[in-house]
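Reviewing the structure listed below.
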Amino acid sequence: MTENHKFQLGTIGALSLSVVSSVSIVICNKALISTLGFTFATTLTSWHLLVTFCSLHVALSMNLFEHKPFDATAVMGFGILNGISIGLWNLSLGFNSVGFYQMTKLAIIPCTVLLETLFFRKKFSRNIQLSLAILLVGVGIATVTDLQLNLLGSVLSLLAVITTCVAQIMTNTIQKKFKVSSTQLLYQSCPYQSITLFIVGPFLDGLLTNLNVFAFKYTPQVLFFIVLSCLISVTVNFSTFLVIGKTSPVTYQVLGHLKTCLVLAFGYGLLHDQFSWRNIMGILIAVVGMVLYSYYCTVESQQQKASESSAQLPQVKESESDPLIIADKGSEILSESDPKTPAWNLKRDLDA
């Protein structure tokens, strides 16, 4: 089996793991929050990250992966930024309508495309842009309902989108720049994310719910779902870093919208949520966008390989072909023989 085939199989596994674990944790958390009344989302996320770090520490002690220290300032900045991003999304949901919150989540893809175009010189073809637009329209039809605007909520949403885009681009960039695996990056950044959310979590949850997380009545059923949620989160966090490292931030967001469609379908089938023809139509349009995105990325990948072969150029390191299989080919990757320094420099900004 060639290295390229091994890489493709590894990426397919990462994508599948991400979908299954994310849908599972959404269903688990929905039962925990909606049914059992445990509404402390930010604090719960800090526990998720703490359990993830402990699990990775055990794995490290068993020599399942190698600890590879690198720039501490970059790790700290990256971890804190991720923690802030999660807190901002929870605040955005608290100060906005659900419809506006879902719409701002759709803004992550165009914002990521814009940032990668401006600072990393990546080029997205019109076919890729069209497929992403169809995907976003479909998800928007399926999820966005009311759009009640307010100044504070809009500012929080804008900050959440920007910090999320930067954090996901950094996830990809740091792994490639320092040649660290997703596991190594997650292990080193988890403590900073967890501490950030553990400090601000009870305050944010109290602000949004008017309840005290430490005064909540923890019944055996609540504790069971909290433990289950934390265990699933280990896989969610690991697969997130793995997918972004192997593919690209844009492809990770495309995958995220696939998960949204699956959550809607599972919510209807398992939890008997309300479902309308608008939801069905939106999901179908989104699926068309995902298929087109996959097709165009594959075609452009094959064209790029043919062009490189004919010109006898060196193969791009860790090339990524199929979109939801291997993704950076959806954008035009610069050859290593002619690197260009991005305007946004991790070494300069985060001393990475």
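Throughout, residue positions are numbered sequentially from 1 according to the sequence presented. Below, each value reflects all heavy atoms present in this structure, side chains not excepted, and no hydrogens, waters or symmetry copies.
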- Within the distance-only criterion (no hydrogens, no angle test), does the side chain of Ser46 pair as donor or acceptor with the backbone N or O of Ser194 below 3.5 angstrom? no
- Task: Kindly say whether Ala31 contributes a backbone atom to a donor-acceptor pair with the side chain of Ser34 at under 3.5 angstrom?
- Result: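 Checked: no pair found.
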Taking all heavy atoms of [X] and all of [Y], pick out the closest pair and write down the distance.
X: Leu208; Y: Gly94; value: CD2-CA, 3.7 Å
X: Val161; Y: Ala107; value: CG1-O, 4.1 Å
X: Leu106; Y: Gly140; value: CD1-CA, 3.6 Å

Note, [X] side chain near [Y] side chain (heavy atom, < 4.5 Å):
X: Tyr293; Y: Ile134; answer: no
X: Ile174; Y: Ser189; answer: no
X: Val51; Y: Val234; answer: yes
X: Phe70; Y: Gln188; answer: yes

In Å, rounded to the nearest 0.5 Å, how long is the span from [atom1] of [X] to [atom2] of [Y]?
X: Cys165; Y: Ile169; atom1: SG; atom2: CD1; value: 6.5 Å
X: Thr42; Y: His48; atom1: OG1; atom2: NE2; value: 11.5 Å
X: Asn127; Y: Leu132; atom1: CG; atom2: CG; value: 11.0 Å
X: Thr196; Y: Ile199; atom1: OG1; atom2: CD1; value: 6.5 Å
X: Leu115; Y: Gln168; atom1: CG; atom2: CD; value: 11.0 Å
X: Leu186; Y: Leu49; atom1: CG; atom2: CG; value: 8.0 Å

- Apply side chain to side chain contact (heavy atoms under 4.5 Å, CB included) to Val113 and Ile128, showing your working. CA-CA 11 Å; Val113 170; Ile128 295 294; over 6 Å; no
- Item | Pairs involving residues 56-69, ordered by first then second residue, that meet side-chain hydrogen bond (donor to acceptor under 3.5 Å, both in side chains) (sequence neighbours left out) | His57-Tyr187
Kindly work out whether a path of hydrophobic side-chain contacts (I/L/V/M/F/W/Y, heavy atoms less than 4.5 Å apart) joins [X] to [Y].
X: Ile195; Y: Leu50; result: no
X: Ile226; Y: Phe198; result: yes
X: Leu158; Y: Leu152; result: yes

Considering residues at least two apart in sequence or located in another chain, which fulfil the side chain to side chain donor-acceptor pair (under 3.5 Å) criterion with [X]?
X: Gln184; answer: Ser181
X: Ser131; answer: none
X: Ser233; answer: none
X: Thr164; answer: Ser85, Trp89

- Task: With Leu197 as reference, evaluate Leu204, Asn90, Thr43, Ile86 under the side chain to side chain contact (heavy atoms under 4.5 Å, CB included) test and give the passing residue.
- Result: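 One option only clears the test, and that one is Ile86.
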- Note on the structure: Using a 4.5 Å side-chain heavy-atom cut-off and chaining through intermediate ILVMFWY residues, the residues clustered with Met62 come out as Val58, Leu64
- Query: In the hydrophobic cluster built from side-chain contacts under 4.5 Å, what are the other members alongside Val20?
  - Reply: none
Under the side chain to side chain contact (heavy atoms under 4.5 Å, CB included) test, which residues partner [X], sequence neighbours left out?
X: Leu207; answer: Leu91, Phe95
X: Gln303; answer: Val299, Glu300
X: Leu17; answer: Thr235, Phe238, Ser239

- Task: For Tyr192, enumerate each residue passing the ring-ring contact (aromatic ring centres under 6.0 Å, His included) test, keeping only those at least two apart in sequence or located in another chain.
- Result: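 Tyr192 satisfies ring-ring contact (aromatic ring centres under 6.0 Å, His included) with no residue once adjacent residues are dropped.
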- Query: Yes or no on side chain to side chain contact (heavy atoms under 4.5 Å, CB included) for Leu284 and Val288, after CA distance, side-chain angles and deciding distance?
  - Reply: CA-CA 6 Å; Leu284 291 176; Val288 170; 5.7 Å; no
- Message: Let's go through Asp205 and Thr39 carefully: what are the C-alpha distance in whole Å and the side-chain angles of both, what is the deciding distance for side chain to side chain contact (heavy atoms under 4.5 Å, CB included) to 0.1 Å, and is it a yes or a no?
- Response: CA-CA 8 Å; Asp205 290 333; Thr39 55; over 6 Å; no
Kindly list each side-chain donor-acceptor pair under 3.5 angstrom involving residues 216-225, sequence neighbours excluded, with atom names and distances?
residue: Tyr218; atom: OH; partner: Val213; partner atom: O; Å: 2.6
residue: Thr219; atom: OG1; partner: Val222; partner atom: N; Å: 3.2

